[in-house]
Number of protein chains: 2
Amino acid sequence: MPAARKKNLPPVSEEALTLIASWFRTLAEPSRLKIRRAREEGAKNITELVTATGLTQANVSRHVQSLVDAGMVGRRREGLTAICFIADPSITELCDNVCNNLLKRLSQQVKKLGGA
Amino acid sequence: MPAARKKNLPPVSEEALTLIASWFRTLAEPSRLKIRRAREEGAKNITELVTATGLTQANVSRHVQSLVDAGMVGRRREGLTAICFIADPSITELCDNVCNNLLKRLSQQVKKLGGA
DNA sequence: CTGCTATATGAGTATAAGATCATACAGTTG
DNA sequence: CAACTGTATGATCTTATACTCATATAGCAG
């Protein structure tokens, strides 16, 4: 049956693609990656995230909102402060994997260019 | 030792964050996700990707370039046509995982809102 | 109540990036 | 050589979004 070359995966709707894309978009900002990492290093509330990242308060607040919307971190008010917590720990592993993949790929490029 | 609350992860440079972010950004476009999937379903060259996705030829060409830059797909000229191939198969698994995560999270939200 | 602190948010601006059109380029065919 | 095909790309427009500033909101202290 040489004609049946095409894999027939279940169709993915436009809306699903949009949703998945916006999830990836949340991770497509250095500032948000920085915030996520700062949270992992111990910074819990907005002020701590501000000092840890060097971003402005308004900026951190908005980015945290994005992360919350994506379900990656959670946030609860405790008195005056807003406590952030990791809601999806798998993101950490994902970022590490991506980082390692990039390192691997880039070092291969370095090797290829090595003799030039 | 109650003072040592802070996890000390290795520092990540701004450039590394930018690199990781741009990798994620490549997956943050419905059109690119669509192209990637079309390639997986059997569409190999640009023309086939155009008909499979409904995007314009110029559009597909540019998006494929992005995917190549990110190391996700490869491309080689064969005569007149440009053959695309999956360069990083792990992307497929990643997308499936994200998709399942979103489904899980959204269905939980539906449950929460169910009585309202 | 009056401040003071922590956070959120509206408005405005700047920049990045996708879509489209036209066209250039490369390889094939006659 | 000319004509045609498949692909890439410059120019332009448009939209999305990150950043900043100022201000609003909410809780606490006096």
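First the proteins, then the strands, lettered A, B, ... as listed; each starts at 1.
- A 4.5 Å side-chain heavy-atom check between B:L33 and A:I20 finds at least one atom pair inside the cut-off.
- Rounded to whole Å, the distance from CD1 on B:I46 to P on C:dA26 is 17 Å.
- Taking atom CZ of A:R75 as the reference point, atom C1' of C:dA6 lies 12 Å away to the nearest angstrom.
- Looking at which nucleotide of DNA chain C each of A:T81 and B:R77 is closest to, the 5′-most match is held by A:T81.
- In this structure, A:K34 does not pair ionically with A:E29, as no charged nitrogen and carboxylate oxygen lie closer than 4.0 Å.
- To the nearest angstrom, C1' of C:dA22 lies 12 Å from CD of B:Q57.
- One interatomic measurement links the two molecules: CD1 of A:I35 to P of C:dT7, which rounds to 12 Å at whole-angstrom precision.
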Exercise for review: Before giving the answer on side-chain hydrogen bond (donor to acceptor under 3.5 Å, both in side chains), spell out for A:N97 and A:E93 the whole-Å C-alpha distance, their side-chain angles and the decisive distance to 0.1 Å.
Suggested key: CA-CA 6 Å; A:N97 284 340; A:E93 194 188 352; 4.6 Å; no
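- When only modelled atom types and interatomic distance are considered, A:T92 and A:E40 share a side-chain donor-acceptor pair under 3.5 Å.
- Taking 4.0 Å as the cut-off between side-chain N and carboxylate O, B:E41 and B:R39 do not count as a salt-bridged pair.
- The nucleotide range of DNA chain D contacted by chain A, defined by atoms under 4.0 angstrom from heavy atoms of the protein and reported 5' to 3', is D:dT17 to D:dC28.
- Here B:N59 reaches the OP1 or OP2 of C:dT20: one of its side-chain N or O atoms lies under 4.0 Å away.
- A donor-acceptor contact under 3.5 Å is formed by the side chain of B:R62 with the base of C:dT20.
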